[in-house]
Amino acid sequence: MSTEHLMGVYNRAPLEVDRGKGARLWSTDGTEYLDCVAGISTNGLGHAHPVLVEAVKTQAEKLWHVSNIFRIPGQEALADELCANSFADVVFFTNSGTEAVECALKTARKHHVANGQPERIDIYGFDGSFHGRTYGAINAAANPSYTEGFGPPMEGFHQLKWGDHDAIKAAIAQPTTAAIIVEPVQGEGGCRAMPEHCLRGLRELCDQYGVLIIFDEVQCGMGRTGKLWAHEWAGMAPDIMAVAKALGGGFPIGACLATTNAAKGMVVGVHGSTFGGNPLAMAVGLAAFTTINTPAILDNVNAIAGYLKQQLVGLQERFPDVIADVRGKGLLVGVKLIPNNREFMATARDTQQLLIAGGGDNCVRMLPPLNLTLEEAQEAIRRFEGACEAVRAKAAA
Ligand SMILES: *Cc1c(COP(=O)(O)O)cnc(C)c1O
């Protein structure tokens, strides 16, 4: 076995993963790791959670897949849950985050067509954002390293800068603007949380001009910030929202949520998916959603996040040569480093057996399972501290 026959698009760590349980992962050589990547925010309940394992087993013996030409009870049940616990009235199920974003972008444009304003096609994204890898998603995020070499930029996609209020205002006031797309807390971009008053300001402006707000909560949603949805902290809501990652607890699922009004153009025949919302995915999704959406999990996120933040700020004081900033929200923790983040990640992995994820702006991210215990969090901090020491020693050598 080798990576010879895999398309070489990933920068893979030299770690062959074998099995997982809770916040632990074991490599094929038997080394135990503390997993603070959690599938990049996907395994919200850790590995092999008994409720999810049971849901997969039970459904696998019953029915895996049928076409969306039939009614699928699991889909209706999960959509009911999502709508009862959000701003949304309707849901479209996908297999991934980028497909959920794709559906959100299409929903926004179709809304304006249904409203008799087909000229509203412009979609504004923000710098530092990540929305996935389909054409619509890369154009919405407009990160040159993901768009270059893939043909001409798609028409009607534009970029805004965080904090450039004049440009944001001008964009929303344009009569050709369809929607803006925002991650309330950026993940890949380096754990930047958009200030709550800015999210409320966007809502007011968009309402004034009839522009839709799309939130991409693929990474920051599903309890990651300590509320079910990250935008709840701001006391406002979008018109359309993309969700995925932890919604499946490790099983591929995505969902595009919308209000009835925002989705008014999404009528029979305009969109679809073969696998999206299949019975097996829905069984796992329903189990993951109802387990995560409980005070036990959300309270734990807030408690553990508070502990990690306090400890990391303490480490920043002791290691000002290593840690530049501690940021993020809830258990979407970002640590901006002074040494190279990829080297730091390798050191943490090889010397402390702590798995952390990279991010923009030279950050590493800690995205542990939402049910991480205090003991595990203490261990994560000890291992992080060990990595800081190892990196400092390396720099001095
Ligand atoms: C991961 C991610 C996506 C893409 O999800 P995929 O399942 O990889 O397609 C989109 N948006 C955000 C914010 C993400 O973190």
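Keep in mind that the numbers below use all heavy atoms, side chains included, and drop hydrogens, waters and symmetry copies. In each ligand, atom 1 is the first atom listed, and ligand 1 is the first ligand listed. Numbers here simply count residues along the sequence, with the first being 1. For clarity, every value in this text was computed on a predicted model and none was experimentally measured.
- Taking 4.5 Å as the limit, every side-chain heavy atom of Asp239 sits out of range of all side-chain heavy atoms of His111.
- Shortest contact from atom 6 (P) of ligand 1 to any protein heavy atom: Gly97 N, 3.4 Å.
- In terms of protein heavy-atom proximity, atom 15 (O) of ligand 1 is nearest to Lys245 NZ, 2.6 Å.
- The heavy-atom pair separating Met366 from Ala380 by the smallest distance is CE-CB, 3.9 Å.
- Counting all heavy atoms, side chain and backbone alike, Ala171 lies closest to Thr177 at O-OG1, 2.6 Å.
- When heavy-atom distances to ligand 1 are checked against a 4.0 Å cut-off, Ala244 has no atom that comes that close, whether in backbone or side chain.
- Taking the six-membered ring where tryptophan is involved, the planes of Phe384 and Phe344 are tilted, since the angle between them lies from 30° to 60°.
- Residue Phe130 places at least one N or O, backbone or side chain, under 3.5 Å from an N or O of ligand 1.
- Within the listing of ligand 1, atoms 15 (O) sit less than 4.0 angstrom from a heavy atom of Gln219.
- Ring orientation note: the planes of His271 and Phe92 are tilted relative to one another, at an angle of 30° to 60°.
- Taking the six-membered ring where the residue is Trp, His231 and Phe215 present tilted rings, their angle falling between 30° and 60°.
- Ligand 1 has an N or O atom lying under 3.5 Å from an N or O atom of Thr98, backbone or side chain.
- In terms of polar-atom proximity, defined here as any N/O pair under 3.5 Å, Asp216 does make such a contact with ligand 1.
- Within a 4.0 Å radius of atom 8 (O) of ligand 1, the protein contributes no non-hydrogen atoms.
- Residue-ligand proximity, Glu183 to ligand 1, at heavy-atom distances under 4.0 Å covers atoms 13 (C).
- Because its NZ or CZ atom is not both nearer than 6.0 Å to the ring centre of Tyr33 and within 45° of the ring axis, Arg349 does not count as a cation-pi partner of that residue.
- Of all the heavy atoms of His131, the ones lying under 4.0 Å from any atom of ligand 1 belong exclusively to the backbone.
- Contact record, Ala324 with Ile338: CB-CG1, 3.9 Å, taken as the closest heavy-atom pair.
- Atoms of ligand 1 lying under 4.0 Å from any heavy atom of Ser96, numbered from 1 in the order shown and given with element: 7 (O), 9 (O).
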